**Student:** 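Got a structure for you, questions after.
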Protein chains: 2
Amino acid sequence: MATMNDVAREAGVSLSTVSYVLSGKRTISEETRLAVQSAIRKLDYSPHSGARALASNRSNVLGLMAPLRADVNVSVIMQFVAAVVTTARTYNQDVLLLTQDDAGGLERVTSQSMVDGLLMMDIEARDPRIPLLAKLRKPAVLIGLPDDPQGLSCVDFDFAGASRTAVRHLVDLNHRSIGFIGSPQASLERHATYADRARKGFTEACEAAGVGSVLRACEASMAALTEALTAVLDDDGAATAVTALVVHNEGLLPLLHEALAGRGLHIPEDISVVVIAPEDVALAAARPWTAVSIPAHDIGRAAVEMVMDRLNSDKPVEVRLIVPTLVQRETSSAR
Amino acid sequence: MATMNDVAREAGVSLSTVSYVLSGKRTISEETRLAVQSAIRKLDYSPHSGARALASNRSNVLGLMAPLRADVNVSVIMQFVAAVVTTARTYNQDVLLLTQDDAGGLERVTSQSMVDGLLMMDIEARDPRIPLLAKLRKPAVLIGLPDDPQGLSCVDFDFAGASRTAVRHLVDLNHRSIGFIGSPQASLERHATYADRARKGFTEACEAAGVGSVLRACEASMAALTEALTAVLDDDGAATAVTALVVHNEGLLPLLHEALAGRGLHIPEDISVVVIAPEDVALAAARPWTAVSIPAHDIGRAAVEMVMDRLNSDKPVEVRLIVPTLVQRETSSAR
DNA sequence: CTGTTAGCGCTTTCAT
DNA sequence: ATGAAAGCGCTAACAG
């Protein structure tokens, strides 16, 4: 492996000139720049990241703590991760992967100066990792919205707004009683904030619009779905029968059409459906769903942008909510 | 941040002594070891990874190139990745994540000495990244089995053996004609080797046993599944009707029970089903599947062990196939 | 616009 | 069993 010294000798310039050509931190004459660049190519030089990290206090690596368990949301998680890695590369950063349960990893990678900043996914309402993160003196961004961010930047999809948007859409279509089928009970119990917020937004929007509402958590299985549908559609307490559903559970979508057909219900004639899901999941069905799409890619990108902003220009801490948009397709209609 | 120098001063020993206490590369008296260790704790010292990498030519980081697209196999991929990260930590290594399409990333992270070794998932039969990898002078392990490993280590599940095991199980149960529902056509066209090998093993085993066989690729949708079932179960060319299925497609499992019920078929009375899938996926169904389980965790672990072996003790390159085992549950029975 | 030089924090010979 | 000192390859302050 060629070193910077080799390049300097080859180009007939000094070590520091090579360094400055690479960093662009001072003006270099066209002539020497070209000489250096050709020497770099000739020797197939590339900088040693360890040496650079040692001298500059920058590793050009971001730490990403991701939930790698087999969850309902695997596909969403993958999209986040892909977006983070891709965006990081545009900032010339690489991504070091930490698993959710390796709480000590946060401390380790920062104290060893392995990373310049940290991203943490799947934040719970009172996530115990937040105080840890807040102590470390590295920029960090939470992907999710905890009760108390403790001075950390956050970015997330506006799940409450997503539910509201879905409800308003259905109310505009004259539905007077709407069901909500959400994340599994386990997610609620962990206080995964997306689950809580989507429910809350739904309830509020229904109340505001004066329409009936029924909520159910649901596992990703046909049995659970059937049961949930029964509970929602046959709800005795409701003044009017439920004629529309908001579904916030990616795992159920492949099953939903069948399950409703099993009850003799056609979409959208008998029942309208709006899903809250990543775009590609909403489009994967034979009949694409009317959807408020979860822009996993945008969120991941925003998260990286936010750490990099704090890193490069110490912009202030911010809490950013990504605005939902609804795309109507053929699974919702007026009644 | 405390440095090694600070620790040496605090402990009243020399810099190198601290280093040797940390590395264990020479014998240290109990007394000084304790002094150093307490100084380390007192100052909350941790070594600077960049400095260490510079001086030792080891980064303690493994590169993992993973497919982060929204594929049918997301859950399997996640399990691999989780296994790799977890196992890497037991070797005191961290994991740098590269995306599949970032072919230049392989070159970059090695030439910058960011990683000590590389793992590459989702290998295709003639994967163009293999010659690249083979050129880099770093230990590498392919997770998958290409036509020509070009001197690289490989580890994979024995998908052909998995199909054979499934077929033999069904043959033992007196089934005389077996259907195979496999990965989407797209996977075959990419020559994802797992898809090819599973099909090949199936065909061979059926021939060897003298039983009928019908194969179909299938997307993860109800429509595609229905069509595939029709093609397989109503196959005119077959001497005997298909009475059992081998399914190698995780995405179909939530739909399969419904789809068969739709044809008036009960499992296992009318039709036996054996799936090739990760254990947790096979168990997720209301009625757990008889399964040849894909031990994603074992494969990921083996991959890390293999790079670390090459790194620490330059063991020879090896090709390791993980042996399949079948667990009978209630979805297969004798006829 | 360019060169010289002092570290960055660690590993590892060489000496004792 | 321990210490002294020479790098590892780079960045950035200082000097011109």
Side-chain angles (χ1 to χ4, degrees), chain A residues 1-37 39-40 43-61 92 108-116 311-312, chain B residues 1-37 39-40 43-61 92 108-116 311-312:
Chain A
M1 292 283 102
T3 74
M4 207 151 162
N5 228 320
D6 301 331
V7 174
R9 197 176 321 119
E10 174 73 29
V13 299
S14 81
L15 181 60
S16 59
T17 298
V18 177
S19 174
Y20 284 117
V21 167
L22 251 32
S23 70
K25 289 193 182 175
R26 76 182 182 192
T27 43
I28 305 277
S29 74
E30 192 60 13
E31 191 184 17
T32 50
R33 190 210 321 292
L34 291 174
V36 168
Q37 280 164 346
I40 287 178
L43 300 181
D44 192 21
Y45 164 80
S46 43
H48 186 289
S49 65
R52 179 172 276 184
L54 179 56
S56 69
N57 268 314
R58 282 280 200 123
S59 63
N60 290 310
V61 172
N92 195 30
R108 187 170 45 80
V109 298
T110 36
S111 65
Q112 301 189 1
S113 299
M114 298 186 77
V115 301
D116 296 335
L311 215 49
N312 294 329
Chain B
M1 291 283 101
T3 75
M4 208 149 153
N5 228 320
D6 301 332
V7 173
R9 197 175 320 119
E10 173 73 28
V13 300
S14 80
L15 182 60
S16 57
T17 298
V18 177
S19 175
Y20 284 116
V21 167
L22 250 32
S23 70
K25 289 192 181 175
R26 78 182 180 191
T27 43
I28 304 277
S29 74
E30 194 60 13
E31 191 184 17
T32 50
R33 192 211 320 291
L34 291 175
V36 168
Q37 281 164 346
I40 287 177
L43 300 180
D44 191 20
Y45 165 80
S46 43
H48 185 289
S49 65
R52 178 173 275 183
L54 178 57
S56 69
N57 268 314
R58 281 281 199 122
S59 64
N60 291 309
V61 172
N92 196 31
R108 186 170 47 80
V109 296
T110 37
S111 65
Q112 302 190 0
S113 297
M114 299 187 77
V115 302
D116 296 335
L311 215 50
N312 294 329

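Within every chain, numbering begins at 1; the chains are lettered A, B, ... in the order of the sequence lines, protein sequences first and strands thereafter. Note that the coordinates shown come from a computational prediction; the quantities given were computed from them, not determined experimentally.
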**Student:** Rounded to the Å, how far apart are A:Ile28 CD1 and D:dT11 C1'?
**Tutor:**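 Spelled out: CD1 on A:Ile28 to C1' on D:dT11 is 14 Å.
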**Student:** Answer yes or no: is there a donor N or O on one side and an acceptor on the other, between the side chain of B:Ser49 and the main chain of A:Gln112, under 3.5 Å?
**Tutor:**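 Looks like yes, one N/O pair under 3.5 Å.
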**Student:** If I take atom CG in residue A:Leu54 and atom C1' in nucleotide C:dT11, what distance separates them, rounded to the nearest angstrom?
**Tutor:**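 It is 12 Å, rounded to the nearest whole Å.
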**Student:** Heavy atoms under 4.0 Å, any strand shown: does A:Thr3 hit a base, just sugar-phosphate, or nothing?
**Tutor:**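 Sugar-phosphate contact only - A:Thr3 comes under 4.0 Å of backbone atoms but never of a base.
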**Student:** In whole angstroms, how far is the P atom of D:dG9 from the CG atom of A:Asp6?
**Tutor:**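 It is 8 Å, rounded to the nearest whole Å.
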**Student:** Select one nucleotide: of D:dA4, C:dT11, C:dT2, the one nearest the side-chain heavy atoms of B:Ser19.
**Tutor:**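 Ranking D:dA4, C:dT11, C:dT2 by closest atom to the B:Ser19 side chain puts C:dT11 first.
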**Student:** From the options C:dT4, C:dG9, D:dG9, select the nucleotide whose nearest atom is closest to the side chain of A:Ser16.
**Tutor:**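 The answer is C:dT4.
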**Student:** Rounded to whole Å, how long is the line connecting atom CG of A:Leu15 with atom P of D:dT11?
**Tutor:**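 That distance rounds to 9 Å.
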**Student:** Taking CG from B:Asn57 and C1' from C:dT11, how many angstroms apart are they, rounded to a whole number?
**Tutor:**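 Rounding to the nearest Å, CG of B:Asn57 and C1' of C:dT11 are 10 Å apart.
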**Student:** Remember a base hit wins even if backbone is also touched, and classify A:Thr32 as base, sugar-phosphate or nothing at under 4.0 Å, heavy atoms.
**Tutor:**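 A:Thr32: backbone/sugar contact only, no base atoms under 4.0 Å.
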**Student:** Has the side chain of B:Arg52 got a donor or acceptor that lies under 3.5 Å from a partner of the other kind on the base of D:dG9?
**Tutor:**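 For B:Arg52, whose side chain was compared with the base of D:dG9, there is no donor-acceptor pair (under 3.5 Å).
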**Student:** Does a nitrogen or oxygen in the side chain of B:Ser29 sit under 4.0 Å from OP1 or OP2 of D:dT2?
**Tutor:**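 Yes.
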**Student:** So, is B:Thr17 close to the D:dG3 phosphate, meaning a side-chain N or O under 4.0 Å from OP1 or OP2?
**Tutor:**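 Looking at the OP1 and OP2 atoms of D:dG3, one of them is under 4.0 Å from a side-chain N or O of B:Thr17.
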**Student:** State which of D:dG3, D:dG9, C:dT11 makes the closest approach to the side chain of B:Ala55.
**Tutor:**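 Of the candidates, C:dT11 comes closest.
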**Student:** Taking atom P of D:dA5 as reference, at what distance in whole Å does atom OH of B:Tyr20 sit?
**Tutor:**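 Taking OH of B:Tyr20 and P of D:dA5, I get 15 Å after rounding.
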**Student:** When the distance from CZ of B:Arg9 to P of C:dG9 is rounded to whole Å, what number comes out?
**Tutor:**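 Rounded to whole Å, this separation is 12 Å.
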**Student:** Would a 4.5 Å heavy-atom cut-off, applied to side chains only, mark A:Val13 and A:Val18 as touching?
**Tutor:**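 A side-chain contact under 4.5 Å exists here.
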**Student:** Tell me: CG of A:Leu22 to C1' of D:dA12, nearest whole Å?
**Tutor:**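 Answer to the nearest Å: 14 Å.
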**Student:** Please pick, from D:dG3, C:dC10, D:dA12, the nucleotide with the shortest atom-to-atom distance to any side-chain atom of B:Arg26.
**Tutor:**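 For B:Arg26, the side-chain atoms sit closest to D:dG3.
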**Student:** Flag the pair B:Ser19 / B:Arg52 as yes when at least one side-chain heavy-atom distance between them is below 4.5 Å, and no otherwise.
**Tutor:**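 A side-chain contact is absent here, since even the closest heavy-atom pair is not under 4.5 Å.
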**Student:** A:Lys25 side chain N/O closer than 4.0 Å to the phosphate oxygens (OP1, OP2) of D:dA12?
**Tutor:**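 The answer is yes; a side-chain N or O of A:Lys25 sits under 4.0 Å from OP1 or OP2.
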**Student:** For residues A:Val61 and B:Val61, determine if any side-chain heavy atom of one lies less than 4.5 Å from a side-chain heavy atom of the other.
**Tutor:**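 Heavy-atom side-chain distance check fails, nothing below 4.5 Å.
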**Student:** For B:Ser56, which contact category applies under a 4.0 Å heavy-atom criterion: base, sugar-phosphate, or nothing?
**Tutor:**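 The answer is sugar-phosphate, as B:Ser56 gets under 4.0 Å only of primed atoms, P, OP1 or OP2.
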**Student:** Can you say whether a donor on the side chain of B:Ser14 sits under 3.5 Å from an acceptor on the base of D:dT2, or the other way round?
**Tutor:**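 Per atom types, no contact qualifies.
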**Student:** Verify whether one side chain among B:Ser29 and B:Thr32 offers a donor that lies under 3.5 Å from an acceptor in the other.
**Tutor:**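 There is such a pair between these side chains.
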